[in-house]
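A, B, ... follow the sequence lines: proteins, then strands. Residue 1 opens every chain. Being a predicted model, the structure only gives us computed values, none of them experimental.
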Number of protein chains: 2
Amino acid sequence: MIRQPIRIIRKRKTREEILELSTPLFARHGYDGVSMRDIAAAVGLTQAALYYHFADKNQLYLDAVAYEFRERVAALKDMLAGNGTPWKRLECFVAGLARMMASDKDFLRLVQWVLLDTNEARQSTLAKQVFRDMFVAVHDLASELDPHVDAHLLAMSIFGLVIFHFQAGATRKFMPGRRPQQDNPEVLARHVCDLLRGRLASADGEAR
Amino acid sequence: MIRQPIRIIRKRKTREEILELSTPLFARHGYDGVSMRDIAAAVGLTQAALYYHFADKNQLYLDAVAYEFRERVAALKDMLAGNGTPWKRLECFVAGLARMMASDKDFLRLVQWVLLDTNEARQSTLAKQVFRDMFVAVHDLASELDPHVDAHLLAMSIFGLVIFHFQAGATRKFMPGRRPQQDNPEVLARHVCDLLRGRLASADGEAR
DNA sequence: GTCTATACGACGATAGAC
DNA sequence: GTCTATCGTCGTATAGAC
């Protein structure tokens, strides 16, 4: 009665192990760039064994992405759930999102793969399962921040400001004005929040 | 003397035809998602003929992307070259970039593929050949807009605000607050410019 | 320049033993 | 649940005729 639950915890199910070990592969190389053989090798199984746990490659990919996203999305929603002023909650969320994107490259890349996917079934499944909840929370915050602005556009802009910065991370190396501290998520978060609060210095000093 | 140039214009070189017809394929399905057979079929050649014009698939891809980017990047740089106030030039650029991203999905997707590429040689080649010039121009504009802000970060934010909106175009369909006019590049451009000018209504009305 | 033919490895997926 | 073995297809790339 004591041993049983311990054993369950220590020896993880093969299915979960496959999900966990295949996500970094899909994140780095995309759906077409990863073969069932690659995944099998990473898990330490033969390729045929994967078909016992998943109907086909597509289903494995779908389950892997959903599995990887579940906990991150929950964490992001928590950041938005506080009860400070809307601007305080925004700062908290932007900083948290920036930290996550900086530390978890695989998650960032999976987001990019999903956005690029041309398989409509796959994309709509993931959009609804994985993005929607998170977007709704930011959308609601956006309409609190400014009831007169288009909340959909503002929410998208908040995501875009943070995510695009990290998306461009590799190519930014070759761009002028690059300094190491720009990779610090706190620095980016401050920049984004300042921008959203309208603190570009000369914005009001110019002819209108 | 008259015929010769006419003939040159009318009958395009096979090499250029390959470049032009392969970019939409690469844009939609990425490097791994397009085979030499696919490209050959699109051009109306056999697969073997492609190897007369390009050393291998990688070189064909590199040339195709560079070819596609050349004219768009030139157009974008033109938008930045005017001699109005910095804010006027920003508005002009943002509107132009938004129009381009809205009308030319293939270009947008190629940008995404390049950002996701894990092949370092390919990515650094394209970053320098294709992104750098455009970024420099926006970077310089950014430092004119506000000499006290980090121009690198601001330039990246300007790109991110416009590009991410269209990147998320397909998944936005499933998000709340979606309205058809948000797909209008002029509407997005105005939103982005307002945001950059610090015109979120309650930004200053809130406890600071 | 473009063709046919082909080499040869990798792919997703299945059958059947254990 | 996992294995070995195999199927048919597709991938890049090359050789050599025209």
The criterion is side-chain hydrogen bond (donor to acceptor under 3.5 Å, both in side chains); which residues satisfy it with [X], sequence neighbours excluded?
X	result
A/Glu16	none
A/Arg37	none
B/Asp183	B/Arg172, B/Arg178
A/Ser22	none

- Query: Do any of residues 19-32 of chain B sit with a heavy atom less than 4.0 Å from DNA chain D, and if so which?
  - Reply: none

- Message: Within residues 43-52 of chain B, which residues have any heavy atom lying less than 4.0 Å from an atom of DNA chain D?
- Response: B/Gln47, B/Ala48, B/Tyr51

- Message: If we ignore hydrogens and angles and just use 3.5 Å, is the side chain of B/Asp104 paired with the main-chain N or O of B/Met101 as donor and acceptor?
- Response: no

- Short side-chain to backbone donor-acceptor contact, A/Trp113 and A/Tyr31, under 3.5 Å: no

Output all residues satisfying side chain to side chain contact (heavy atoms under 4.5 Å, CB included) with [X], sequence neighbours left out; order by chain, then residue number.
X	answer
A/Asn184	A/Glu186, A/Val187
A/Gln112	A/Leu108, A/Arg109, A/Gln167, B/Leu115, B/Leu116
B/Arg179	A/Asp150, B/Gln181, B/Gln182

Output the rounded distance in Å from [atom1] ([X]) to [atom2] ([N]).
X	N	atom1	atom2	answer
A/Ile39	C/dA10	CD1	C1'	15 Å
A/Phe54	D/dT2	CZ	P	11 Å
B/Glu16	C/dG1	CD	C1'	16 Å
B/Leu60	D/dA13	CG	P	10 Å

- Note on the structure: Nearest-nucleotide check on DNA chain D, A/His53 vs B/Asp56; residue mapping nearer the 5' end is A/His53

Distances under 3.5 Å between nitrogen or oxygen atoms of protein and nucleotides 7-11 of chain D:
from   : atom 1 : to      : atom 2 : distance (Å)
D/dG11 : OP1    : B/Ser35 : OG     : 3.2
D/dG11 : N7     : B/Arg37 : NH1    : 2.9

Please tabulate, for the side chains in residues 127-141 of chain A, all donor-acceptor contacts under 3.5 angstrom to protein atoms that are two or more places apart in sequence or on a different chain.
from     : atom 1 : to       : atom 2 : distance (Å)
A/Arg132 : NH1    : B/Phe174 : O      : 2.7
A/Asp133 : OD2    : A/Lys77  : NZ     : 3.4

- Task: Check whether any side-chain N or O of B/Thr14 sits under 4.0 Å from OP1 or OP2 of C/dT2, and answer yes or no.
- Result: yes

- Task: Name all pairs fulfilling the side chain to side chain donor-acceptor pair (under 3.5 Å) condition that reach into residues 44-57 of chain A, sequence neighbours left out, sorted by first residue then second.
- Result: none

